[in-house]
> 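There's a structure below that I have some questions on.
Residue numbers begin at 1 in each chain, while the letters A, B, ... track the order of the sequences.
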Amino acid sequence: MVKYFCCAGLLKSSWDQVCVAFWQRYPNPYSNHVLTEDILFREVTPSNCLISRRLLTKTSRAPRWMERYLPKHMASSAYIIEDSIVDPQTRTMTTLTWNISHARLMSVEERCEYCINPENGSWTEIKREAWISSNVYGLSRAIQEFGLARFKTSVTKTMKGFEYVLAKMQGETPSRTLAETATERARETALAAKEKAKGLASHAQKKQYV
Amino acid sequence: MNSVGEGCTDLKREYDQCFNRWFAEKFLKGDRSGDPCTETFRKYQHCVQKAIKEKDIPIDGVEFMGPNKDKPES
């Protein structure tokens with residue numbers, strides 16, 4: 001059994017801007033769970049489409065009830081592949097994202113299509129589909145339900161992150177309440193500190209190798 | 001953003017910068033005058049592919065848009 005989920009999203013930015021932001025969206029204040037990001041493959045096809053493969057490392061915490069069914073010392077991070085096709089002729093970007101770690105436990109595949117909004121040409125709409133499955137005997141339904149709930153939360157974060165990066169690119173301050181602004185500032189500070197720490201850590205590691 | 005290979009982050013940033021400019025200013029505008037980032041990409045790939053082997057990340061043989069086959073719509 002596979003759980004299917006489908007939803008539509010809207011970004012009030014042009015398709016071109018959204019595509020540019022797509023490649024620059026990490027880090028953002030809503031992407032604390034994304035640890036690393038790499039391009040593993042990139043090519044312009046004869047039909048002038050840009051195809052890319054991105055590898056992401058994300059933290060993956062299982063809920064408490066699930067933990068006791070999992071192998072001890074299971075890696076707390078997961079590798080994710082995100083393949084994409086940007087077609088500038090039809091102004092369509094298609095992405096397919098799925099986890100290559102812990103896939104027997106739970107597999108989440110997401111397909112997104114970014115197109116120009118038919119009602120407003122300077123906006124972009126996203127059709128998002130997801131397939132969630134699990135092969136754990138006796139628990140697959142519960143795990144799929146959990147996976148779906150977490151997927152929905154992550155969609156909200158993805159959209160917020162996107163809006164944040166887009167607003168920043170366009171040099172605007174996103175319209176927000178004071179509380180939201182304060183939270184965001186705190187997140188930004190934390191993020192800056194975290195990135196700095198990561199930098200220092202990798203620097204220290206490099207030094208060890210010398 | 002950091003690379004999965006601890007020592008590759010600087011190379012990655014250099015490449016990202018080159019790519020982002022090319023993507024926005026050339027590719028999306030239909031300018032097909034060639035990719036100026038080939039060399040920075042090559043250097044970055046050399047580093048990151050090595051890191052992937054060292055970390056045993058299972059990406060070998062994973063087909064492009066791999067699982068997007070025979071997907072049921074609901």
Side-chain angles (χ1 to χ4, degrees), chain A residues 2-6 15-17 19-20 22-28 31 34-44 48 50-53 55-57 79 81 83-86 88-89 91 94-98 100-101 103 107 109 111 129 131 169 195 198-199 201-206 209, chain B residues 1-13 15-35 37-38 40-42 44-74:
Chain A
V2 177
K3 247 196 153 40
Y4 175 79
F5 173 73
C6 175
W15 183 84
D16 283 43
Q17 285 166 330
C19 288
V20 170
F22 178 75
W23 298 117
Q24 300 180 35
R25 63 187 169 134
Y26 303 123
N28 68 64
S31 73
V34 181
L35 305 174
T36 73
E37 175 211 29
D38 282 283
I39 297 293
L40 299 188
F41 174 83
R42 185 164 264 155
E43 201 179 277
V44 178
N48 278 328
L50 179 77
I51 59 175
S52 313
R53 169 166 287 176
L55 173 77
L56 302 164
T57 318
Y79 294 116
I81 289 186
D83 285 348
S84 58
I85 306 171
V86 183
Q89 289 87 220
R91 290 284 190 265
T94 312
T95 67
L96 194 78
T97 311
W98 72 100
I100 53 170
S101 310
S107 144
E109 291 165 28
R111 187 182 191 277
E129 293 174 284
W131 294 266
M169 270 173 39
E195 288 297 306
K198 279 193 213 161
S202 78
H203 200 68
Q205 215 154 10
K206 256 189 253 168
Y209 290 131
Chain B
M1 202 58 206
N2 286 337
S3 166
V4 73
E6 287 81 1
C8 309
T9 300
D10 289 346
L11 291 168
K12 172 189 149 42
R13 290 208 175 125
Y15 167 70
D16 278 348
Q17 228 175 357
C18 181
F19 168 80
N20 286 328
R21 185 171 303 154
W22 170 81
F23 183 74
E25 292 170 13
K26 307 267 179 182
F27 180 76
L28 286 180
K29 297 197 170 133
D31 183 337
R32 298 285 172 267
S33 59
D35 181 358
C37 313
T38 325
T40 49
F41 189 61
R42 201 185 56 77
Y44 163 47
Q45 285 305 298
H46 183 72
C47 187
V48 75
Q49 297 292 346
K50 208 170 119 197
I52 283 169
K53 284 217 174 74
E54 281 166 9
K55 286 171 192 260
D56 253 331
I57 304 175
I59 53 148
D60 273 348
V62 181
E63 216 182 314
F64 186 68
M65 299 298 257
N68 193 28
K69 300 261 149 61
D70 314 313
K71 279 277 170 274
E73 283 219 9
S74 82

> From Phe23(B) CZ over to Asp16(A) CG, what is the distance, rounded to the nearest 0.5 angstrom?
8.0 Å
> Using non-hydrogen atoms and a 4.5 Å limit, figure out which bit of Tyr26(A) sits close to chain B: side chain, backbone, both or neither.
both
> Taking side chain as everything from C-beta outward and backbone as N, CA, C, O, which of these in Val4(B) sits under 4.5 Å from a heavy atom of chain A? Side chain, backbone, both or neither.
both
> Might you work through the side-chain contact (heavy atoms from CB on, under 4.5 Å) test for Leu55(A) and Ile52(B), ending with a clear yes or no?
CA-CA 10 Å; Leu55(A) 173 77; Ile52(B) 283 169; 4.2 Å; yes
> To the nearest 0.5 Å, tell me how far Thr57(A) OG1 sits from Asn2(B) CG.
10.0 Å
> Between CD1 of Ile81(A) and CZ of Phe64(B), what distance do you get to the nearest 0.5 Å?
10.5 Å
> Out of Asp35(B), Asn20(B), Ile59(B), Val48(B), which one racks up the most heavy-atom pairs below 4.5 Å with chain A?
Asn20(B)
> Quick one: closest heavy-atom pair of Ser3(B) and Asp38(A), and the distance?
OG-OD1, 2.8 Å
> Go through the atoms of Trp98(A) and report whether side chain, backbone, both or neither lie under 4.5 Å from a heavy atom of chain B.
side chain
> For Thr97(A), is it the side chain, the backbone, both, or neither that has a heavy atom closer than 4.5 Å to a heavy atom of chain B?
neither
> Checking heavy atoms, do the side chain of Gln89(A), its backbone, both or neither come under 4.5 Å from chain B?
side chain
> Measure across Arg53(A) and Met65(B) and return the closest heavy-atom pair with its distance rounded to 0.1 Å.
NH2-N, 4.4 Å
> For Asp31(B), does the CG atom sit with more than 12 other heavy atoms under 6.0 Å from it, leaving out its own atoms?
yes
> Does the cation-pi check pass for Arg42(A) over Phe19(B), that is, NZ or CZ under 6.0 Å from the six-membered ring centre and within 45° of its axis?
yes
> What is the minimum heavy-atom distance between Gly66(B) and Leu96(A), and which atoms define it?
N-CD2, 4.3 Å
> For the pair Val62(B) and Asp83(A), evaluate side-chain contact (heavy atoms from CB on, under 4.5 Å) and give the outcome as yes or no after the intermediate values.
CA-CA 11 Å; Val62(B) 181; Asp83(A) 285 348; 5.9 Å; no
> Which pair of non-hydrogen atoms, one from Pro27(A) and one from Met1(B), has the smallest distance, and what is that distance?
N-SD, 3.7 Å
> Which region of Leu50(A), side chain (C-beta onward) or backbone (N, CA, C, O), has a non-hydrogen atom less than 4.5 Å from a non-hydrogen atom of chain B, or is it both or neither?
both
> Could you report the tightest heavy-atom contact between Ile39(A) and Gln45(B), atom names first, then the distance?
O-NE2, 2.7 Å
> For Val44(A), is it the side chain, the backbone, both or neither that has a heavy atom under 4.5 Å from a heavy atom of chain B?
side chain
